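Let me begin by presenting the structure, written as structure tokens, before commenting on it.
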Amino acid sequence: MSLLRKWDSVPASIASSWNSSDSTSCSWLGVRCDHRSHSVVSLNLSGYGISGPLGPEIGQLKQLKTTLSLFSNSLSGEIPESLFQDLALQVLYLDTNKFNGSIPRSVGNLTELLKLTLYSNQLSGTIPESIGNCRKLQSLSLHSNKLSGSLPESLTNLESLVELFVGHNSLEGGIPLGFGKLKNLETLDLSFNSYSGGLPPDLGNCSSLKTLAIIHSNLRGAIPSSFGQLKKLSRLDLSENRLSGTIPPELGNCGSLMSLNLYTNELWGEGSNIWKIASLKYLLVYNNSLSGELPLEITHLKNLRNMSLYSNQFFGVIPQSLGINSSLLQLDFTDNKFTGEVPPNLCHGKQLRVLNIGRNQLQGSIPSGVGGCSTLWRLILRENNLSGALPEFAENPILDHMDISKNNITGPIPPSIGNCSGLTFIDLSMNKLTGFIPPELGNLINLEEVNLSSNHLEGPLPSQLSKCHNLGKFDVGFNSLNSSIPPSLRNWTSLSTLILNENHFIGGIPNFLTELGKLTELQLGGNFLGGEIPSWIGSLQSLQYGLNLSSNGFVGELPLGLGNLIKLEQLQISNNNLTGTLAALDKIHSFILVNFSYNHFRGPIPETLMNLLSSSPSSFWGNPDLCVSCLPSDGLTCTKNRSIKVCDSQSSKRDSLSRVAVALIAVASVVAVFVLAGLVCMLILCRRCRRDLGIEHDAEIAAQEDPSSLLHKVMQATENLNDRHIVGRGTHGTVYKASLGGDKIYAVKKIVFTGHKGGNKSMVTEIQTIGKIRHRNLLKLEDFCLRKDYENAFSTKKSKESDVYSYGVVLLELITRKKALDPNIVEWVTSVWSSTEDINKIADSGLREEFLDSNIMNQAIDVLLVALRCTEKEPGRRPTMRDVVRQLVKKKCQH
């Protein structure tokens with residue numbers, strides 16, 4: 001009864017049973033007595049929710065011979081020393097309470113103890129050395145406490161020990177030698193501590209060991225080869241350490257091993273004999289530096305369920321029969337160097353749930369068995385070289401995640417994707433998908449994220465998508481989608497990110513966007529949207545990460561409501577026909593990136609944008625009537641931004657263009673034609689020697705290939721365009737150097753293109769037109785040849801960015817009068833302009849006299865700024881050729 005009085009809370013069942021008026025306690029709940037002496041030999045009050053301290057009165061139970069079980073309560077305070085005076089106690093369960101303080105040193109008095117569980121408390125201090133006196137101890141569980149210090153060497157004296165758990169503490173020091181003496185030890189778990197040193201080799205002498213787990217414990221060094229002696233070992237888990245070296249081949253002798261976890265270490269080399277362990281079910285060796293090819297033996301592992309090798313350096317072809325002899329549950333080969341095709345029978349056992357083989361170099365098409373695998377929960381094939389069409393998908397309500405991005409998948413998105421009704425995530429971006437977005441995508445009502453960007457999709461957005469009311473992110477940027485943005489998408493009330501940029505959408509900004517209260521990013525740039533930016537745009541006050549309306553046809557002034565977007569970090573409205581001032585933005589302090597370039601803005605730049613003007617002046621270019629209001633204290637800022645005029649200065653304007661400006665704009669327009677004609681298959685040579693070419697309908701056009709022809713000589717000189725003669729590569733083709741002897745040196749460019757009906761005729765016409773252009777900074781077209789064996793596909797997206805860059809380089813050459821082959825012209829001009837913003841330090845000396853006329857100098861600066869935008873390091877920041885033409889025409893009209 002004295003125990004009961006110490007406790008703060010006891011259940012009614014104990015309170016009513018423990019009656020002080022009883023002559024003996026043998027009938028009380030949880031109490032068991034000796035039949036003869038009526039003394040208490042066992043007390044079991046586990047799981048009753050008792051709270052409060054365990055008083056020293058517990059030591060009065062002198063006859064406790066078998067069990068004291070108080071686990072799964074809320075007992076607190078320190079464990080009383082008096083408890084360990086009962087030398088006959090065999091079982092002591094105090095786990096899953098709130099005991100604190102240290103383990104009493106008197107624990108060694110319990111020499112008859114067989115089982116001691118103190119886990120899941122808040123015990124601190126060290127493990128007492130006296131524990132080694134409990135030589136009959138079979139089970140010791142001290143895990144999930146706050147114990148510190150080293151493992152006592154006396155633990156190795158417990159020769160009767162069958163299981164030892166000390167994980168999830170703060171133990172340090174080395175793992176002591178001597179565990180090898182424990183011949184009865186079956187389970188050793190030392191995980192989640194911070195040991196120093198490595199694994200003691202004598203652990204290999206624990207002949208009964210079945211489970212060895214030392215996870216996340218700062219282990220270093222090699223895995224001892226002696227572990228191969230553990231014939232009964234079924235689970236080896238040494239994951240999340242700093243183990244190095246190779247996996248010892250002796251592990252292949254562990255014939256009972258079912259689970260091998262060595263992931264997240266610093267292991268290297270080949271897996272040696274582990275592939276031959278027939279009993280293996282779980283092989284997890286990911287996040288290492290292992291290498292080599294997978295042997296055919298892995299296809300014979302009939303028990304294999306989980307094989308995770310990701311983030312290593314394995315290479316070669318994955319054995320194509322993998323999966324036929326086993327019932328795989330999970331296969332993860334992500335981030336290796338595997339080649340060849342995806343094995344077709346991975347789902348043969350009809351249990352596969354995870355197939356992750358992304359970020360390799362796999363080729364071929366996706367097997368039909370992958371689409372037909374109705375047990376898949378996660379499918380990741382991203383960043384390979386897979387081609388062909390997407391497979392047909394079977395009914396699968398389990399599939400949650402599908403990522404097949406960054407491959408070369410062609411053809412349409414199959415309507416059968418609608419059979420995967422459980423999908424929450426789809427990423428098919430950066431492929432070559434064509435056709436319309438299937439309406440069946442609307443069947444996937446659980447979708448939370450969709451990314452179909454950077455494909456060749458066309459047509460409208462299907463209205464059926466409105467059923468996907470859980471969508472948080474929708475990205476179809478960089479396609480050829482058209483029509484207006486359907487109002488049915490107002491049902492996407494959970495949407496946070498909407499990316500429709502670089503398509504062919506028409507109309508205005510749809511007003512249903514006001515109903516999307518969680519929208520944080522809106523990307524509509526690079527479409528054919530028009531009209532004024534609506535005043536209600538300011539009601540999208542959740543916008544934070546970006547608003548992109550650039551490269552459209554918006555007109556009018558910025559609405560005042562735009563200033564309500566006080567969280568907005570990025571605003572891009574460049575390349576429109578917007579007018580008025582930027583005053584609507586003067587209250588927004590959250591901007592980290594803006595782009596207002598190439599509009600018709602006027603007036604002073606708000607003070608809140610001055611830092612962005614200093615860090616990215618190009619974002620304000622192309623608005624000649626913008627100006628900087630300079631206060632006396634801002635003199636330095638004004639000096640740094642010479643590309644933007646000071647508001648109170650008046651520069652004289654002339655009605656006519658100087659001959660310099662006319663020449664720059666005229667030649668720039670001619671060069672634009674030259675850039676567009678770069679998509680044909682031609683030879684760009686340095687001498688003219690070929691007769692005029694006749695054309696009739698769509699007949700194949702080819703140069704004479706007799707031994708005396710120039711083409712024959714060039715092919716001979718380059719060894720049929722052998723790679724050793726390459727002097728450069730571009731988006732559209734490869735440039736070779738052909739030396740025909742003497743001063744006959746030619747630059748030969750091979751370009752591949754997709755042929756169309758009538759294409760040859762139009763291409764030849766363009767080539768002949770280009771051949772008539774003469775400029776000292778342009779190579780002369782000497783000869784060309786169109787051949788069927790050169791025809792191939794090319795990426796139009798990359799060509800746009802590369803052509804714009806080339807065009808910018810030509811503009812820089814025209815301004816500086818430097819030769820086309822002068823190195824680092826872009827880097828030099830960019831550096832000089834960034835540091836000085838002085839056109840006189842860049843332009844050819846022959847042009848500087850005309851710069852005495854400020855109007856002419858401003859015209860030259862405008863052309864220079866266009867060139868610098870075309871040669872931005874980031875391809876995504878370069879304008880399109882359409883934008884460039886628009887900017888040049890605008891400048892011509894302004895001057």
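No experiment lies behind these values; they were computed from the predicted model shown.
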Which heavy atom of Thr111 sits nearest to which heavy atom of Asn133, and what is that distance?
CG2-O, 4.1 Å
Check each of Asn431, Leu433, Ile417 against Leu390 using the side chain to side chain contact (heavy atoms under 4.5 Å, CB included) test, and report the only one that passes.
Leu433
Any luck finding a side-chain donor-acceptor pair between Asn306 and Ser308 under 3.5 Å?
yes
Which word best sums up how the rings of His143 and Tyr119 line up, parallel for under 30°, tilted for 30 to 60°, or perpendicular for over 60°?
parallel
Which pair of non-hydrogen atoms, one from Ser256 and one from Ser279, has the smallest distance, and what is that distance?
C-OG, 3.4 Å
Can Lys181 and Glu159 be counted as an ion pair, charged N to O under 4.0 angstrom?
no
Mind listing the closest non-hydrogen atom pair of Val285 and Asn312 along with its distance?
O-ND2, 3.1 Å
Nearest atoms (heavy-atom pairs only) where Leu399 meets Cys420
CD2-SG, 4.0 Å
Closest approach of Leu301 to Trp275 (non-hydrogen atoms, all atoms of both residues)
CD2-O, 3.6 Å
Distance in Å, Asn408 CG paired with Asn385 CG, rounded so as to fall on 0.5 Å steps
6.0 Å
Parallel, tilted or perpendicular: rings of Tyr93 and Phe71 (30°, 60°)
perpendicular
So, for Pro343 and Ile318, which heavy atoms are closest and what is the spacing to 0.1 Å?
CG-CG2, 3.5 Å
Inspect the contact between Arg235 and Asp237 and indicate whether a charged nitrogen and a carboxylate oxygen are less than 4.0 angstrom apart.
yes
